[in-house]
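Naming: A, B, ... by sequence-line order, numbering from 1 per chain.
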There are 2 protein chains.
Amino acid sequence: MNISQAADASGLSAKMIRHYEKIGLLQGIHRSASGYRLYSGEDLHRLRFIHQARRLGFSLEQIRELLSLWGDHRRSSREVKALAMQHLEDLDTRIQELQAMRQMISTLADTCHGDDRPDCPILDNLAASSTDKNTS
Amino acid sequence: MNISQAADASGLSAKMIRHYEKIGLLQGIHRSASGYRLYSGEDLHRLRFIHQARRLGFSLEQIRELLSLWGDHRRSSREVKALAMQHLEDLDTRIQELQAMRQMISTLADTCHGDDRPDCPILDNLAASSTDKNTS
DNA sequence: CTTGACCTTACCACGATGGCAAGGTTCAGG
DNA sequence: CCTGAACCTTGCCATCGTGGTAAGGTCAAG
């Protein structure tokens, strides 16, 4: 199986697959006589694992660990769960940051009439917060 | 006012301030005889504006437009609001993506007992979704 | 044999920020 | 006056994950 077929079958791009190999997420990929990468069913399984983990927002470093745990039959589910919980916390943090922004923008946009007049609470706020101290 | 004082007063780092100048968000910054950047009260106002806009998650490109609108007394509040609404949509999209991830991770973590045993629904799911078709 | 569709490697780009290095400036204390 | 610390300058590299592009090799169908 060529790289573009593996890409289609895994949902990744050929570019990503080469990248994952370069950073060590994939190893021992076979090559044809002319140097083409050849993917086995097992390789494909691994690629799909990576794709799904990326869809859940895990970083490539985290995926490296997940793959290692996946391949280790003596691992404890505790380790995997800890990794997932850490990622959950990261997600929560990012969600809350974005929601705080969303809330503020939304409030400002509500008070801006958004017509031909030039006065605008949004710009006023950006400029006014300038004189606050709690601009973190 | 030196750059480190401007940094302290604006909440930005000196590094960021130089960067913002390089990409054109700040112009006409005065220099001392020896080449040190010197910041006026107006410059500081602008820096704080940028800082606040960054805190609300606007990109530097969006901030470039906001600054342009801020300085244009003939602009309509419509333009500003449109920019804010666009950003709001972007935020909503990102929040929803993260929440979908969060939901999935949370569900998987709930079903993982997280003890010394090796079986783990989290890894099973990552591996199993591998055989799904809807792996987008 | 040609053509087009694949493959290879290697480099540059994004966005926003941090870090480091090599060198110049300023100021206070001895 | 000299020295050292604490500033300033520019320039380059790193991050993270992905895309683009170039220059070249390979393969299969016509």
Separation of atom [atom1] in [X] from atom [atom2] in [N], rounded to whole Å:
| X | N | atom1 | atom2 | answer |
| --- | --- | --- | --- | --- |
| B:Glu61 | C:dT17 | CD | P | 13 Å |
| A:Gln5 | D:dA28 | CD | P | 12 Å |
| A:Asp8 | C:dA5 | CG | P | 15 Å |
| A:Ile23 | D:dT15 | CD1 | P | 11 Å |
| A:Leu38 | D:dC27 | CG | P | 11 Å |
| B:Met16 | C:dT17 | CE | P | 5 Å |
| B:Leu25 | C:dG15 | CG | P | 12 Å |
| B:Leu60 | C:dT17 | CG | C1' | 10 Å |

Phosphate contact ([N] OP1 or OP2) by [X] side-chain N/O below 4.0 Å:
| X | N | result |
| --- | --- | --- |
| B:Ser32 | C:dT25 | no |
| A:Arg37 | C:dC7 | no |
| A:Arg18 | C:dA10 | no |
| B:Arg54 | C:dT17 | yes |
| B:Ser34 | D:dC8 | no |
| A:Tyr20 | D:dT18 | yes |

Parallel, tilted or perpendicular, as decided by the 30° and 60° cut-offs, for the rings of B:His45 and B:Trp70: perpendicular
B:Arg94 bridged to B:Glu97 by N-O distance under 4.0 Å: no
Out of [options], which nucleotide sits closest to the side chain of [X]?
| X | options | result |
| --- | --- | --- |
| B:Lys15 | D:dG11, C:dT8, D:dT9 | D:dG11 |
| B:Arg31 | D:dT10, D:dG19, C:dC6 | D:dT10 |
| B:Ser13 | D:dT9, D:dT26, C:dG18 | C:dG18 |

Same apolar cluster (I L V M F W Y, side chains within < 4.5 Å links), A:Phe58/A:Leu60: yes
5′-ward residue of the pair A:Phe58/B:Tyr36 relative to DNA chain D: B:Tyr36
No-hydrogen, no-angle side-chain donor-acceptor test under 3.5 Å, B:Gln96 and B:Asp92: no
Residue whose closest nucleotide on DNA chain C lies nearer the 5' end, A:Lys22 versus A:Gly35: A:Gly35
Inter-residue atom distance A:Ser106.OG - A:Gln99.CD, 0.5 Å rounding: 12.0 Å
